[in-house]
Structures are given as C-alpha cells and as structure tokens.
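What follows is one structure encoded as structure tokens, with my remarks underneath.
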Amino acid sequence: MKLVVCIVHNRDRGKITDELVKAGFKFTVIASTGGFLREGNTTLLVGVNEDEIETLSSVVSANCKSREQVVNVMPFEAGAPGAFIPSPVKVPVGGAVIFVVNVERFERF
C-alpha cells in the first residue's frame with residue numbers, strides 16, 4: 001500500500017478531482033498554500049496499491065498542466081518610497097507534484 005500526496009494548483013482542482021473519481025480513486029482534499037507566489041493549492045491524499053501508481057500518475061499528468069503567470073518580482077510594500085520597481089516577469093505555475101510514501105499499516109473503519 002502507498003500513500004500518494006499530490007499537490008496541484010487550485011485552478012486544476014475541479015478537473016483533477018472529477019477525473020480521479022471517474023478512474024475509481026478515493027482521496028482526501030486539503031487546502032494548502034504555495035510558497036513562492038503564496039497562491040492557493042490543493043493537496044490530495046490518495047491511498048493506492050503499488051500497481052495503481054502509474055494509472056494515478058497518468059490521470060494527474062493529463063489533467064494538471066503548467067502555465068505562465070505574470071508576477072511582480074518584489075512585493076509593492078517591500079520597496080522604499082521612490083525606489084525602483086522592477087518590471088513584472090513571467091513564471092511557470094500549475095502542474096503537479098507527487099510524493100509516493102510507503103504505508104506500513106492501513107485500516108478502514
């Protein structure tokens with residue numbers, strides 16, 4: 001048994017959860033926040049057998065795509081009055097991060 005921790009951007013939440021349900025996976029959804037852009041993420045906890053990991057990975061990869069977002073490099077309040085404010089830059093956001101963890105014991109009540 002494995003525990004798959006899957007972190008996706010909130011924009012992909014509806015699509016990925018719908019597709020996981022269609023594929024027969026059961027999961028728990030936890031709201032989370034990303035570090036760099038401090039934007040909303042969704043963390044999915046999915047318990048799977050080892051032979052289901054590739055199927056789960058395929059569903060996630062097909063439904064969570066990376067995209068570019070324009071952001072300011074320095075938060076506005078961080079600059080001193082009259083300081084130079086750099087131009088916004090494009091950064092990749094979205095996609096998915098998956099961690100697969102061994103489960104020593106699993107019980108359902």
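One-based numbering along the sequence shown.
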*Using the side-chain contact (heavy atoms from CB on, under 4.5 Å) rule, take Leu20 and Leu56 through it: C-alpha gap first, then chi angles, then the decisive distance, then the call.*
CA-CA 8 Å; Leu20 287 173; Leu56 175 63; 3.3 Å; yes
If hydrophobic clusters are built by linking Ile, Leu, Val, Met, Phe, Trp and Tyr wherever their side-chain heavy atoms come under 4.5 Å apart, do [X] and [Y] end up in the same one?
{"X": "Ile7", "Y": "Val46", "answer": "no"}
{"X": "Ile16", "Y": "Phe99", "answer": "no"}
{"X": "Val100", "Y": "Val48", "answer": "yes"}
{"X": "Leu45", "Y": "Val97", "answer": "yes"}
{"X": "Val5", "Y": "Phe27", "answer": "no"}

*First locate atom CE of Met1, then atom CD of Glu52, and finally report the distance between them rounded to the nearest 0.5 Å.*
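It comes to 8.0 Å.
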*First locate atom CD of Glu19, then atom OG of Ser58, and finally report the distance between them rounded to the nearest 0.5 Å.*
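It is 12.5 Å, given to the nearest 0.5 Å.
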Testing the basics here: between [X] and [Y], what is the closest heavy-atom pair and its distance to 0.1 Å?
{"X": "Lys15", "Y": "Asn63", "result": "CE-OD1, 3.3 Å"}
{"X": "Ala96", "Y": "Val60", "result": "CB-CG1, 3.5 Å"}
{"X": "Lys2", "Y": "Val103", "result": "C-CG2, 3.6 Å"}
{"X": "Arg13", "Y": "Val29", "result": "NH2-CG1, 3.6 Å"}

*Using atom types as modelled and distance alone, determine if a side-chain donor or acceptor of Ser57 lies under 3.5 Å from a backbone N or O of Ile53.*
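Judged by distance alone, no pair lies under 3.5 Å.
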*Using the test side-chain contact (heavy atoms from CB on, under 4.5 Å), find all partners of Arg108 that sit at least two apart in sequence or belong to another chain.*
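Scan of Arg108 (side-chain contact (heavy atoms from CB on, under 4.5 Å), adjacent residues dropped) gives Lys26, Phe106.
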*Would you say Ile98 and Val4 make side-chain contact, with heavy atoms under 4.5 Å?*
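Yes, their side chains come closer than 4.5 Å.
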